[in-house]
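The next block holds one structure in the form of structure tokens; read it before the comments.
Residue numbers start from 1 in every chain, and the chains themselves are labelled A, B, ... in the order their sequence lines are given, proteins ahead of strands.
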Number of protein chains: 2
Amino acid sequence: MSQDLPTTSYALLGLLSFGDDLSGYELKQRADRTLRFYWVSPAMSQVYTELARLTKLGLVRAREDTTAPTRSTRRFQITAAGRRDLQRWLSSATVEFPALKHPIALRLLMGHLAGPETSVTLLEDYLGLLAERRAELQAVRDSLIVDPHSPVDRFRYPRMVADWGLDYYESERAMVVELIRRVAATDT
Amino acid sequence: MSQDLPTTSYALLGLLSFGDDLSGYELKQRADRTLRFYWVSPAMSQVYTELARLTKLGLVRAREDTTAPTRSTRRFQITAAGRRDLQRWLSSATVEFPALKHPIALRLLMGHLAGPETSVTLLEDYLGLLAERRAELQAVRDSLIVDPHSPVDRFRYPRMVADWGLDYYESERAMVVELIRRVAATDT
DNA sequence: AGGGTACTGTTCCTACTAGGAATAAATGCC
DNA sequence: GGCATTTATTCCTAGTAGGAACAGTACCCT
């Protein structure tokens, strides 16, 4: 049925597949809260662009929300066709290596121009960002609890993926500490 | 002098800062060989677009290479102004968190739709890609040897950054092995 | 009540950039 | 010589980051 779509489309479909009806704004918030640790959160304009496309393709259904007193909001939900297409993509898409733009590693690569002190500062600043990011993901992980009343454990896989992210942040932290030591050792 | 440029511009300037004159094509090859482990290698069209911009701004100098028998090639080298601007950027740019698009983690997040078997296959395929990528970076690391005759150790920082990348690949491998175990444990 | 701030919701805009195709010259191999 | 590969560059399309702009809603304080 539908031709292949960019991965961002499937990422948003995936967020909708957890079952909630969301406005475009809410979907962006959801991506900012959960998706961004593994896949850069799409820009707001991208979210709406994708939703329009997915709606046109019948993979998402838009519904006017009339429960609000004065304002009308469009809410989006995945369709059965959308769910099927997402499953098809998950089962058949080629496995592609992660794309990374790591500004800190890039800048350290040019340490010969920046010098040791600037490089140490750069790494220390990054440690701070890492700690924040890790705390944010830990909070998300803590919210992915098993619901004893639900017949299905909705968050088994998200929990595993969060653990993956936390493991990455921890090993990154350790490596950056070691790099600081090595760069600073230059300075003597 | 120059307004701020996108990071990709500085990435290419950084590659040129190691001292060689390179054609656009060679610069792309250089990026494919060294830069891509930390910063997605710019597309060919992007390389030429950036070189044109950098040349216009006086940060890069283009020179016709007339040593070839019949064909003329433009070769690019960083100017003193380019080096200074790169240093300014390295010293003053805000530290930004790395941007990541991790298709495997994204797909595992939707494991409820893919199912355990597909998820295990996905992770196993990724292990294969990881092994390849690691071998490639190891080869690069092995080439960054200390030149005993050179007054300056050009590759101190690139060696450190390569170690960073290798460390990342190793910890990623270990985590993926663990994830395979966890997902497969589902299947019983 | 009014004003200011923050939040929700959506569209429009610009610049960056991935991924090729297209074109052509040069090189290497059978 | 013919073919495949490599070097070199330009052109093109579609995806997308990052905001701005606009407007309605809710909340808080004076």
What integer distance in Å separates [X]:[atom1] from [N]:[atom2]?
X         : N       : atom1 : atom2 : value
Gln46(B)  : dA8(D)  : CD    : P     : 20 Å
Leu100(A) : dT17(C) : CG    : P     : 15 Å
Leu5(B)   : dC16(C) : CG    : C1'   : 12 Å
Gln29(B)  : dA8(D)  : CD    : P     : 8 Å
Leu22(A)  : dT10(C) : CG    : C1'   : 16 Å
Tyr48(B)  : dC12(D) : OH    : C1'   : 17 Å
Glu50(B)  : dT9(D)  : CD    : P     : 16 Å
Arg74(A)  : dA23(D) : CZ    : C1'   : 15 Å

Of the nucleotides [options], which one has an atom closest to the side chain of [X]?
X        : options                  : value
Arg53(A) : dA8(D), dT10(D), dG15(D) : dG15(D)
Arg75(A) : dG9(C), dA17(D), dG20(C) : dG9(C)
Met44(B) : dG9(C), dT9(D), dC16(C)  : dT9(D)
Tyr25(A) : dT8(C), dC11(D), dG15(D) : dT8(C)
Thr8(B)  : dG9(C), dT9(D), dT17(C)  : dT17(C)

Remember a base hit wins even if backbone is also touched, and classify Lys101(A) as base, sugar-phosphate or nothing at under 4.0 Å, heavy atoms.
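Result for Lys101(A) = sugar-phosphate.
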Quick one, Leu109(B) and His102(B) - any side-chain contact, counting heavy atoms below 4.5 Å?
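Answer no - side chains too far apart.
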Is Asp32(B) salt-bridged to Lys28(B), cutoff N-O under 4.0 Å?
yes
One thing to verify: whether Glu136(B) and Arg36(B) come together as a salt bridge, which I'm taking to mean a side-chain N less than 4.0 angstrom from a carboxylate O.
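Result for this pair is yes, salt bridge flagged.
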Which residue, Glu96(B) or Ser45(B), contacts DNA chain D at a nucleotide closer to its 5' end, judged by nearest heavy atom?
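Its nearest nucleotide lies further toward 5', so the answer is Ser45(B).
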Decide if the gap between the ring center of His112(B) and the ring center of Phe155(A) is smaller than 6.0 angstrom.
no
Decide if the gap between the ring center of Tyr48(B) and the ring center of Tyr25(B) is smaller than 6.0 angstrom.
no
